[in-house]
Amino acid sequence: MNRLANETSPYLLQHAENPVDWYPWGDEALERSRAEDKPILLSIGYAACHWCHVMEHESFEDPETAALMNERFVNIKVDREERPDLDSIYMDAVVALTGHGGWPMTVFLTPEGEPFIGGTYFPPEPRHGMPAFRQVLGAVSEAYRERRGDVAQQAKALVDAVRQSSEKKPSAEPLTDSILGEARWGLRASFDQEWGGFGGAPKFPPASALEFLMRQNELDLVTTTLEGMAAGGMYDLLGGGFHRYSVDEQWLVPHFEKMLYDNALLVPAYLHGWLLTGNERYREVAEETLDYLLRELRLPEGGFASSQDADTDGIEGLTFTWTPEEGVPAELLHPFEHGRFILRGELDEETKRRLFELRDQRPKPALDDKAIASWNGLALAALAEAGRRLDRDDLIAAARELAQFLLGPLSDDEGRLYRSWRDGQAKNTGYLEDYADVANGLYELHVATGELRWLEEARRLALLAVELFGDERNGGFFLSPADGEQLVARKKEYDDHPTPSGNSMLAYVLLRLARIYGDDELERRAVGVFRLVRSVMGRAPTAFGHALCALDLYLATPKEIAIVGSPEDEIARAALDSFDPNAVVAFGPAEGVPLLEGKDYIEGRPAVYVCERFACQRPVTEPGELRATV
């Protein structure tokens, strides 16, 4: 009996017809494992994962393989996007065992949930030095039956390794600009001078690292990367939006799934690049990507779907690739596979329109239409900031609707966030990144609209995150809440690639709120994050891009901008016109916000108060005068 048919995750539903006796993660599966003394086969993936589809077709749809799995294991399927806590724990175990990770992930557990062996994709036959999946099944089953002591010893070692990563002690060394300088040097040392980005193939879009470099005025690295990524291939020249990554160093041949989080992070990167350089191509890419999000990923309820698949009708990239017979100028075609070509180069508007209309008639890749709170929080920040900077009321309206979705269907009656929502059903507790990303998005919506409620909600969620996830002993924040499911370890996540970690994003949010509310405790909590990653963020800057942005904010001279009026007022536009990532902003008049206390209209006119640690210059009502002082 396959128990996935009642799940809401599109990834789990993809496996509902497999002959494997799949369980979702939960007490029923764990209790059966204990009762029958069978090891657990845990398979983790996600809906847009190409190799997850390959392994399903080769192994999970194969009756003989399924029979072996059903006979010897209790089989559990997990959508990594729904359960990042499980994914994090067991990915750490796989990396410790094999030196690398990825999806699909296959991990074998004791009935207590302790990992003892694992890997990623396994082929149906021995290939490229990898054993066949059925060989793995037989060997693991035999080891569990006949060498239980070795299994227990291996499981203990792996669990200890996973736990140690979350028991890191804070550094007592000072937090100084030297960390930022070391990070700049490290990024420049690994920079690809020809194509942009860092290191060789494959290349993932380094949004957080680019944001840090823009703060450091390292614009040559930024512009080379922005231009390389937008040239076509990984970037969809016709429909906008970025595919997940490039398999080569040139950003040409993509892995074709499109993720909400990549696009939500790259919109601000291109927007900020435009503000700093005036390059109109960057603005175009930001707008085209936003239009893609609204056209392809927006849900009727106001949230955004997680991803589009890499495959169409079982063929990777079928929707997005071309044949020479389809009227594409030959100089734009670059070889892919199976006689199909990738589009790259400069298109005139007529050719672009014609090809998009032709492509739009093709079957589209499957949509993973579940809404993930954290990724929607990233999208909220992108929509809100882009809406105000590009004067697009439709983006502001979409941002408001998204905020209402996050605080409505994706929140419970007590105001706590759920992790995911699909088909009218919210499920799973919210994790650290959910609270951090949504709080950050709500703050950006406050700046875009001037509406106080979004600032208040951002603060409420940030304070709740401190309560639910904070580590009083060592500082920083755990991935899962204190009252969440008790797994074999309670993890902390610090890595900002491909998305900001919950720790670095919450540190960033807490610092901004600390400067608006004059709250030293919030700043102390943020500093606790920096002390945990102090020794590594300068040495591995591509992995800690957002932590470096937050540290840059912490080390910068505080600058608070209190605006009395509306974002549409000329004086407010002048105050927010430039790219000043270390300034914090609050709109009033309002009671209960210390930065806004005592600040009002000046003779009935909107006013801007520029402050440093709450010591404010005289209010300004004329844009020309403001530009001379900020």
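Just so it is clear, the model here is predicted, and its values are computed rather than measured.
Classification of the Phe587-His446 ring pair by plane angle, with boundaries at 30° and 60°, yields perpendicular. Ring orientation note: the planes of Tyr90 and Trp25 are tilted relative to one another, at an angle of 30° to 60°.
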Side chain to side chain contact (heavy atoms under 4.5 Å, CB included) evaluation trace for Glu296 with Phe304: CA-CA 9 Å; Glu296 301 287 348; Phe304 286 79; over 6 Å; no
Side chain to side chain contact (heavy atoms under 4.5 Å, CB included) assessment of Glu385 paired with Val267: CA-CA 10 Å; Glu385 185 182 4; Val267 164; over 6 Å; no
Verdict with supporting geometry, Arg340 and Glu316, salt bridge (Lys or Arg N to Asp or Glu O under 4.0 Å): CA-CA 11 Å; Arg340 300 189 68 81; Glu316 185 176 12; over 6 Å; no
Working for side chain to side chain contact (heavy atoms under 4.5 Å, CB included), residues Thr8 and Trp421: CA-CA 8 Å; Thr8 57; Trp421 180 96; over 6 Å; no
Side chain to side chain contact (heavy atoms under 4.5 Å, CB included) evaluation trace for Arg573 with Glu570: CA-CA 5 Å; Arg573 288 177 176 271; Glu570 189 178 0; 5.7 Å; no
Verdict with supporting geometry, Arg422 and Asp369, salt bridge (Lys or Arg N to Asp or Glu O under 4.0 Å): CA-CA 7 Å; Arg422 182 176 182 270; Asp369 60 351; 2.5 Å; yes
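The residues Lys370 and Glu81 are annotated as salt-bridged, a charged nitrogen and a carboxylate oxygen being separated by less than 4.0 angstrom. Salt bridge status for Arg512 with Glu444: present, with a side-chain N to carboxylate O gap under 4.0 Å. The pair Arg362-Glu326 meets the salt-bridge criterion, with a side-chain N (NZ, NE, NH1 or NH2) lying under 4.0 Å from an Asp/Glu carboxylate O. For the pair Arg283 and Glu280, the salt-bridge criterion is met [side-chain N within less than 4.0 Å of a carboxylate O]. With respect to Arg298 and Glu401, a salt bridge is recorded, a charged nitrogen being found less than 4.0 Å from a carboxylate O. Note on Lys203 versus Asp248: no salt bridge recorded, every NZ/NE/NH1/NH2 to OD/OE distance being 4.0 Å or above. A salt bridge links Arg353 to Glu357: at least one charged side-chain nitrogen sits closer than 4.0 Å to a carboxylate oxygen. The pair Glu457-Arg453 fails the salt-bridge criterion, with no side-chain N (NZ, NE, NH1 or NH2) lying under 4.0 Å from an Asp/Glu carboxylate O.
Between the side chains of Tyr235 and Arg344, no donor N or O sits under 3.5 Å from an acceptor N or O. Inspection of the Ser566 and Glu568 side chains reveals an N or O donor paired with an N or O acceptor under 3.5 Å. No side-chain N or O of His243 forms a donor-acceptor pair with one of Asp236 less than 3.5 Å apart.
You'll find the ring centres of Phe320 and Phe336 outside the 6.0 Å limit.
Proximity of a side-chain donor or acceptor of Thr351 to a complementary backbone N or O of Leu347 within less than 3.5 Å is not detected. A side-chain donor-acceptor contact under 3.5 Å links Tyr270 to the backbone of Leu226. Not one N or O on the side chain of Asp79 forms a donor-acceptor pair closer than 3.5 Å with the backbone of Tyr46.
With contacts defined as side-chain heavy-atom distances shorter than 4.5 Å, the pair Met229/Leu210 qualifies.
The shortest non-hydrogen separation linking Thr120 to Thr106 is O-OG1, 3.2 Å. For the residue pair Pro206 and Trp251, the shortest heavy atom distance occurs at CD-CH2, 4.1 Å. Here the closest non-hydrogen pair linking Ala373 and Leu410 is CA-CD1, 4.1 Å.
Tested against Arg80 for a salt bridge (Lys or Arg N to Asp or Glu O under 4.0 Å), the candidates Asp368, Asp85, Asp87 yield a single pass: Asp87. No option in Asp412, Asp437, Asp434 other than Asp434 meets the salt bridge (Lys or Arg N to Asp or Glu O under 4.0 Å) test with Arg419.
Here the CG atom belonging to Asn75 is positioned 9.5 Å from the CG atom belonging to Asn2, to the nearest 0.5 angstrom.
Environment of CG in Asn6: sparse, with no more than 12 heavy atoms of neighbouring residues, nucleotides or ligands closer than 6.0 Å.
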